[in-house]
Enquirer: 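One structure coming up, written as structure tokens, with questions to follow.
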Amino acid sequence: MPGAAHGNPIRTDVDELLMPTDEDLLYEEELLRNPYSLRMWQRYIEARRSIDAKRRYILYERALRVLPGSYKLWHAYLQERRLAARGAHLADPQLGKLNGTYERALVSMHKMPRVWTEYLEFLVEQRQVLLARRTFDRALQALPITQHDRIWTLYLNFVMQPGVPLETAKRVYRRYLKLEPTHVEEYIAYLKSKGEWGEAATRLADIINDDLFRSLEAKSKHAMWLDLADICTRHPQEVAHLHVEAILRSGIRKFTDEVGRLWTSLADYFIRQGLFEKARDVYEEGLDTVVTVRDFSLVFDALTTFETSLLEARIGTEGEDDDDGVGVDGTLFLLHNAGSDADLRLARLEHLNNRRPIMLSSVMLRQNPHNVHEWHKRIKLFGGDTSKQITAYTEAIQSVDCNKAIGKPHSLWCAFAKFYDRHGDLHNARIIFMKATEAQYKYVDDLASVWCEAAELELKHKNYRRALELMRTATATPPGKDGRRTQEEADGPVQGRLYRSTKLWSFYSDLEESLGTIESTCAVYDRILDLRIATPQIVLNYALFLEESKNYEAAFQVYERGIALFRYPHSKDIWTAYLSRFVLRYGGTKLERARDLFRHALRETPASAAAPVYLQYAALEESHGLARAAMEVYDQAVRSVPANQRLPIYDRYLSRASDFFGIAKVVQYCIPWINLKFCNRASIWIDRWPANRVRYVCKDFTSCLPACLMFTFKCCAGSRDL
């Protein structure tokens with residue numbers, strides 16, 4: 001070459017790139033004095049931004065040779081080269097050079113997670129599975145455990161991409177679960193998406209058996225059981241290594257309700273394996289054990305669908321066999337097997353539908369065996385089968401606890417006895433009633449109802465003497481009892497308190513009135529009063545019974561005993577009946593005694609309810625006593641009753657005063673009204689004649705007296721024009 005002949009050196013392209021320009025001399029001289037100045041290198045590279053990329057790469061390489069541990073230089077260099085390689089083809093050599101640059105950077109930057117993540121993202125973009133996987137492993141080995149979460153996020157996203165071998169992804173996930181075992185649900189979801197049902201079921205069973213596991217997706221154990229059941233039933237071949245039946249049955253035992261899907265899943269598992277009889281047994285077992293109507297409906301509908309599908313398949317198969325087996329001349333008809341189980345399957349389906357109400361009743365009773373109403377409904381379902389009804393009654397009586405019962409448990413005993421009576425077995429009906437009287441009850445009224453029902457049974461068969469004997473036995477005072485209530489009696493069984501039952505004694509008294517003598521009836525009523533369990537109605541019934549027997553004084557004594565037992569307002573009806581009956585019986589013959597009764601009644605009755613008694617008392621004085629005494633009763637009434645009840649009394653007061661004493665006495669009775677301020681802005685109604693009612697409206701209190709006097713003057717003068 002000519003240049004070489006004269007001894008001049010040959011200048012290559014690399015030399016051209018390395019030779020600084022005039023603009024570079026300032027930075028080069030500064031770097032010669034201080035080559036380890038990071039700031040100067042950054043200013044130099046920043047100033048030469050517009051030059052060729054290769055010259056800039058050489059500047060970066062020179063800087064990194066001097067400062068290999070500078071993160072800022074490496075990051076800027078890698079970012080610039082990665083930006084330049086964006087959009088390059090996967091086979092472009094530039095990508096391999098950039099990978100080499102990242103590898104050289106990691107020699108000194110292996111503790112920097114940002115460099116690792118950028119390199120890994122770049123490798124994932126290149127779809128280099130092997131290199132990327134190995135680099136991920138190197139990153140996990142190089143970085144501390146506290147920074148592994150940044151790598152694992154990228155690693156898991158990488159293995160889920162298409163093109164990554166399934167076995168590789170599974171191994172990576174298994175390694176990740178050793179670090180984060182709570183994220184196993186993500187792995188299960190991935191296995192489901194890839195169709196790895198066997199391992200998904202195994203993992204799901206493991207977390208279900210782990211009592212310490214808490215779902216990050218907020219799934220309950222029940223929801224996990226349902227997921228496992230779906231996998232096992234839909235993919236029985238893939239989960240053959242698991243004991244599916246044992247797994248599902250353990251879930252059924254663990255959850256007392258909402259297990260309908262587990263039962264249907266277990267049956268579906270056997271159906272997919274062709275074990276139809278086994279599946280039917282599972283359905284029947286589920287119907288016999290579920291405790292909610294929702295689960296029952298789910299299992300029953302599944303069983304109905306299963307039986308219907310079997311029936312339709314059998315009918316379709318027989319139709320094809322008939323088409324293939326009948327010859328033209330009919331000779332093959334005799335050789336064809338005419339045996340068919342379609343009728344059996346149809347009968348089984350009908351029997352299943354007929355059993356539905358009974359099975360549903362069993363579900364309700366499994367929910368609460370102490371529901372009396374549900375037991376009655378169940379017994380009605382066995383309407384045509386007496387043996388099943390007797391069995392149902394027996395189960396009901398043994399199952400219902402009186403302290404937990406919903407309804408009246410004694411109604412089961414009574415219905416059981418009446419059942420025997422309807423079938424003509426009076427002896428067993430009496431035995432049931434006797435056992436019922438010895439059973440435990442929560443309330444005395446329940447036991448009393450049993451005794452009353454037993455007596456009514458005897459009355460129905462016209463065994464009147466036996467009915468009375470039953471009532472005497474029921475109301476007999478237990479030995480050692482004196483009729484007083486004690487704490488020991490209250491805490492004991494209800495049989496010890498039966499003799500104080502008002503319901504029982506009322507029924508007994510009605511029987512004695514109808515079937516007994518006057519003496520026996522009076523003895524029953526007297527015993528009720530002695531025990532102090534009588535009601536006002538019982539007192540009235542007793543008194544009315546004596547009056548019908550013409551024992552009036554005895555009836556009045558009963559009224560007196562009733563008044564002594566009760567206070568107002570319970571004694572109101574007794575007083576009303578007593579006073580009216582006494583006046584009706586004696587009239588004015590025993591006037592002083594009647595007056596004493598009325599005064600006693602007024603003392604016992606509050607002022608707000610005393611107006612009717614005053615009017616009744618005044619009517620007595622008007623009919624059989626003195627008019628002046630009647631006026632005193634009216635005067636006492638208007639002073640005692642509340643102001644809002646005085647107007648009718650004043651009305652009657654004036655009317656009777658005018659009838660007895662004339663109009664001249666009206667003013668005498670008007671003056672107390674004014675003192676009582678009754679006329680203040682109120683209306684006065686005065687009866688002068690039966691056909692003429694005069695009304696005067698007082699404007700205020702001060703004008704009331706002159707108005708009353710003027711009215712009286714006009715009446716006395718004979719003027720009716722008021």
Enquirer: Which atom names give the shortest non-hydrogen contact between Pro181 and Phe213, and what distance separates them?
Expert: O-CE1, 4.4 Å
Enquirer: Glu238 and Ile231: side-chain contact (heavy atoms from CB on, under 4.5 Å), yes or no, with the steps?
Expert: CA-CA 9 Å; Glu238 288 83 351; Ile231 294 175; over 6 Å; no
Enquirer: Could you tell me whether the side chain of Glu350 reaches within less than 4.5 Å of the side chain of Asn353, counting heavy atoms only?
Expert: no
Enquirer: Consider salt bridge (charged side-chain N to carboxylate O under 4.0 Å, His left out). Of Arg174, Lys192, Lys194, which one does Glu199 pass it with?
Expert: Arg174
Enquirer: Using a strict 4.0 Å threshold on nitrogen-to-oxygen distance, state whether Asp227 and Lys219 make a salt bridge.
Expert: yes
Enquirer: Does atom CZ of Arg104 have more than 12 heavy-atom neighbours, drawn from other residues, nucleotides or ligands, at distances under 6.0 Å?
Expert: yes
Enquirer: Quick check: does any side chain N or O of Gln147 sit under 3.5 Å from a backbone N or O of Pro113, one acting as donor and the other as acceptor?
Expert: no
Enquirer: For the pair Asp268 and Arg234, find out whether any cationic side-chain nitrogen is under 4.0 Å from an anionic carboxylate oxygen.
Expert: no
Enquirer: Nearest heavy-atom pair of Ala279 and Ile271: which atoms, and what distance?
Expert: CB-CG1, 3.5 Å
Enquirer: Tell me, which pairs form a ring-ring contact (aromatic ring centres under 6.0 Å, His included) where one or both residues lie in residues 143-176, sequence neighbours left out?
Expert: Phe136-Tyr155, Phe136-Phe158, Trp152-Tyr155, Trp152-Tyr176, Tyr173-Tyr187, Tyr173-Tyr190, Tyr176-His183
Enquirer: Which heavy-atom pair separates Val129 from Pro165 by the least distance, and what is that distance?
Expert: CG1-CD, 4.1 Å
Enquirer: What's the shortest heavy-atom distance between Val363 and Leu287, and which atoms?
Expert: CG2-O, 4.4 Å
Enquirer: Would Arg280 and Glu284 pass as an ion pair if we require N to O under 4.0 Å?
Expert: no
Enquirer: Just checking Arg134: does its CZ atom have more than 12 heavy atoms from other residues, nucleotides or ligands closer to it than 6.0 angstrom?
Expert: no
Enquirer: So, the side chain of Ser309 versus the backbone of Thr305: is there a donor-acceptor pair under 3.5 Å, distance only?
Expert: yes
Enquirer: Is a side-chain donor or acceptor of Asn157 paired with a backbone partner of Thr153 at a separation under 3.5 angstrom?
Expert: yes
Enquirer: Would you check, one step at a time, whether the test salt bridge (charged side-chain N to carboxylate O under 4.0 Å, His left out) holds for Glu103 with Arg138?
Expert: CA-CA 11 Å; Glu103 291 291 345; Arg138 288 167 50 204; 2.9 Å; yes
Enquirer: Tell me, with the steps shown, if Trp263 and Glu285 meet side-chain contact (heavy atoms from CB on, under 4.5 Å).
Expert: CA-CA 9 Å; Trp263 280 112; Glu285 184 180 356; 3.6 Å; yes
Enquirer: Is any NZ, NE, NH1 or NH2 atom of the basic residue among Glu312 and Arg345 found under 4.0 Å from an Asp or Glu carboxylate oxygen of the other?
Expert: no
Enquirer: Quick one: CG on Leu349 to OG1 on Thr304, what's the gap to the nearest 0.5 Å?
Expert: 6.5 Å
Enquirer: Set out, in order, the CA-CA distance, both residues' side-chain angles and the distance that settles side-chain contact (heavy atoms from CB on, under 4.5 Å) for Glu245 and Lys278, then state yes or no.
Expert: CA-CA 11 Å; Glu245 184 176 2; Lys278 183 69 173 177; 3.8 Å; yes
Enquirer: Which distance, rounded to the nearest 0.5 Å, do you find between the OG1 of Thr233 and the CZ of Phe270?
Expert: 11.5 Å
Enquirer: To the nearest 0.5 Å, what is the distance between OG (Ser250) and CG (Asn209)?
Expert: 7.0 Å
Enquirer: Distance from Arg378 atom CZ to Ser362 atom OG, nearest 0.5 Å?
Expert: 3.5 Å
Enquirer: Answer yes or no: is there a side-chain heavy-atom contact under 4.5 Å between His241 and Thr202?
Expert: yes
Enquirer: Answer yes or no: are there more than 12 heavy-atom neighbours, outside Lys388 itself, under 6.0 Å from its atom NZ?
Expert: no
Enquirer: Is there a side-chain contact (heavy atoms from CB on, under 4.5 Å) between Lys408 and Val372? Walk through the geometry before answering.
Expert: CA-CA 7 Å; Lys408 298 180 179 180; Val372 177; 5.6 Å; no
Enquirer: Minimum heavy-atom separation for Arg133 to Thr168, with atom names?
Expert: CD-CG2, 3.6 Å
Enquirer: Would the number of heavy atoms belonging to other residues, nucleotides or ligands and lying under 6.0 Å from NZ of Lys254 be above 12?
Expert: yes
Enquirer: Quick one: CG on Leu228 to OG on Ser265, what's the gap to the nearest 0.5 Å?
Expert: 9.5 Å
Enquirer: Check this for me, if you would: do Asp301 and Arg356 make a salt bridge, where the nitrogen-to-carboxylate-oxygen distance has to be below 4.0 angstrom?
Expert: no
Enquirer: Of the non-hydrogen atoms in Ala342 and Ile315, which two are nearest, and what is the gap between them?
Expert: CB-CG1, 4.5 Å
Enquirer: If you look only at distance, which donor and acceptor atoms sit under 3.5 Å apart when one is on a side chain in residues 390-400 and the other is two or more places apart or in another chain?
Expert:
residue	atom	partner	partner atom	Å
Thr391	OG1	Ser387	O	2.9
Thr394	OG1	Ile390	O	2.8
Ser399	OG	Glu395	O	2.7

Enquirer: Which value, rounded to the nearest 0.5 Å, describes the distance between Leu98 atom CG and Phe122 atom CZ?
Expert: 4.0 Å
Enquirer: If a pair satisfies side-chain hydrogen bond (donor to acceptor under 3.5 Å, both in side chains) and one of its residues is in residues 365-377, list it, with sequence neighbours excluded.
Expert: His376-Ser411
Enquirer: Step through the shown structure and confirm whether more than 12 heavy atoms of other residues, nucleotides or ligands are within 6.0 Å of NZ on Lys380.
Expert: no
Enquirer: Could you label the plane-to-plane angle of the Trp197 and His235 rings as parallel, tilted or perpendicular, counting under 30° as parallel and over 60° as perpendicular?
Expert: parallel
